[in-house]
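First the structure, in the form of structure tokens, and then the observations on it.
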Amino acid sequence: MHRDTPENNPSIPFEFTRENMERANRIIAKYPPQYKKAAVIPLLDLGQRQLGWTSISVMNTVAKLLEIPPMRVYEVATFYTMFNREPIGKYFLQLCTTTPCQLCGSSQILETIEKHLGIKVGQTTSDKLFTLAEVECAGACVNAPVLAVNDDYYEDLTPETTIKILEELIIGKKPRSGPQTGRVTCEPKDGLTSLTSEPYGPGFRVREDL
């Protein structure tokens with residue numbers, strides 16, 4: 001449910017920038033004219049990336065652009081948790097605490113973030129730099145525990161590497177994303193266990209009379 005607030009109400013104007021308007025038109029052009037309403041999600045995402053969050057004015061602008069009732073846009077924006085309907089910090093920290101991550105120490109990572117930044121889940125730091133959220137599966141279980149910072153994943157976290165990431169963000173640096181242990185993507189952290197020798201050639205273990 002939406003309730004008007006001083007920072008989120010229909011009287012606050014929102015318009016796509018010239019560059020984003022061009023991108024919006026390219027997005028809409030991907031759909032048949034009678035189905036352009038299917039562009040709601042990518043246009044809401046575009047609006048959120050421009051403003052930093054999905055305000056009621058962003059939703060109304062998307063509805064007007066697609067020539068559909070605003071309620072159709074509200075239904076989408078309120079259903080998907082990817083759309084933040086309240087202002088968030090510059091860095092949106094989404095920590096996965098589902099079973100695989102929890103078994104690998106996500107509870108300690110959560111405690112580390114809360115203690116280091118002085119905020120709890122759902123809160124934003126006073127300088128508007130960080131917002132912390134607890135989320136369900138981030139889809140990178142093999143590299144648990146996992147923290148998403150905006151569009152980047154930071155994996156194989158420890159309390160120490162988590163603090164290092166936060167400190168680099170505070171001073172304006174972009175930490176190296178991906179596994180923080182040195183391993184490449186999702187390779188076995190203790191080394192390869194398969195495909196360690198030259199692959200067999202054609203005909204291997206095939207009967208000679210075939």
Side-chain angles (χ1 to χ4, degrees), residues 1-101 121-122 124 128 130-144 146-155 169 174-179 184-186:
M1 178 183 293
H2 170 79
R3 296 185 185 278
D4 286 348
T5 62
E7 67 275 0
N8 189 14
N9 63 77
S11 66
I12 301 175
F14 172 84
E15 292 183 2
F16 283 114
T17 63
R18 181 175 180 178
E19 179 182 0
N20 280 341
M21 192 66 230
E22 292 175 354
R23 294 183 64 188
N25 287 329
R26 290 197 298 270
I27 291 171
I28 295 172
K30 296 179 180 180
Y31 302 92
Q34 69 273 30
Y35 296 121
K36 64 181 181 181
K37 63 183 179 181
V40 168
I41 289 179
L43 291 184
L44 282 174
D45 179 65
L46 185 62
Q48 176 165 275
R49 290 177 184 276
Q50 177 178 313
L51 184 64
W53 56 292
T54 304
S55 68
I56 191 71
S57 296
V58 169
M59 300 181 210
N60 290 339
T61 297
V62 170
K64 183 177 180 180
L65 192 59
L66 295 178
E67 300 178 293
I68 58 177
M71 181 55 68
R72 292 291 175 258
V73 180
Y74 303 161
E75 291 170 345
V76 174
T78 56
F79 181 81
Y80 292 101
T81 57
M82 65 181 281
F83 298 118
N84 301 301
R85 295 186 294 115
E86 299 294 337
I88 60 172
K90 179 180 180 181
Y91 300 113
F92 188 32
L93 310 178
Q94 299 180 81
L95 179 67
C96 177
T97 55
T98 314
T99 305
C101 279
V121 170
T124 300
K128 309 299 182 185
F130 296 98
T131 295
L132 176 61
E134 188 176 356
V135 299
E136 293 299 317
C137 187
C141 307
V142 70
N143 289 6
V146 180
L147 172 70
V149 181
N150 297 344
D151 290 332
D152 294 315
Y153 270 26
Y154 296 88
E155 306 155 350
L169 292 171
K174 184 176 181 180
R176 179 180 60 84
S177 59
V184 179
T185 62
C186 55

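Hydrogens, waters and symmetry mates play no part in the numbers below; they use all other heavy atoms, side chains included. These numbers were taken from a predicted model, which means no experiment stands behind them. Counting from 1, the numbers follow the sequence of the chain as shown.
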Output the distance between atom [atom1] ([X]) and atom [atom2] ([Y]), rounded to the nearest 0.5 Å.
X    : Y    : atom1 : atom2 : result
L43  : Q48  : CG    : CD    : 13.0 Å
F92  : T131 : CZ    : OG1   : 7.0 Å
I41  : F83  : CD1   : CZ    : 5.5 Å
L65  : N60  : CG    : CG    : 12.5 Å
I27  : E22  : CD1   : CD    : 12.0 Å
C101 : E155 : SG    : CD    : 9.5 Å

Could you pull out the closest heavy-atom pair between [X] and [Y], with the gap in Å?
X    : Y    : result
D45  : M82  : OD1-CE, 4.0 Å
I88  : N84  : CD1-ND2, 3.5 Å
N20  : Q50  : ND2-OE1, 2.9 Å
S177 : D152 : CB-CB, 4.1 Å
I68  : V73  : CD1-CG2, 3.8 Å
C137 : T98  : N-OG1, 2.9 Å

- Task: Would you please name every residue forming a salt bridge (charged side-chain N to carboxylate O under 4.0 Å, His left out) with E67, sequence neighbours left out?
- Result: K36
- Note on the structure: For residues 7-17, the salt bridge (charged side-chain N to carboxylate O under 4.0 Å, His left out) pairs (sequence neighbours left out) are none
- Query: Any salt bridge (charged side-chain N to carboxylate O under 4.0 Å, His left out) pairs touching residues 73-90, not counting sequence neighbours?
  - Reply: R72-E75
Within the distance-only criterion (no hydrogens, no angle test), does the side chain of [X] pair as donor or acceptor with the backbone N or O of [Y] below 3.5 angstrom?
X   : Y   : result
N8  : D4  : no
T61 : F14 : yes
S57 : I12 : yes
Y74 : H2  : no

- Do Y154 and N143 get their side chains close enough for a donor-acceptor pair, meaning under 3.5 Å? no
- Under a 4.5 Å cut-off applied to non-hydrogen side-chain atoms, are R49 and L46 in contact? no
- Item | Heavy atoms from other residues, nucleotides or ligands near OH of Y80 exceed 12 (cutoff 6.0 Å) | no
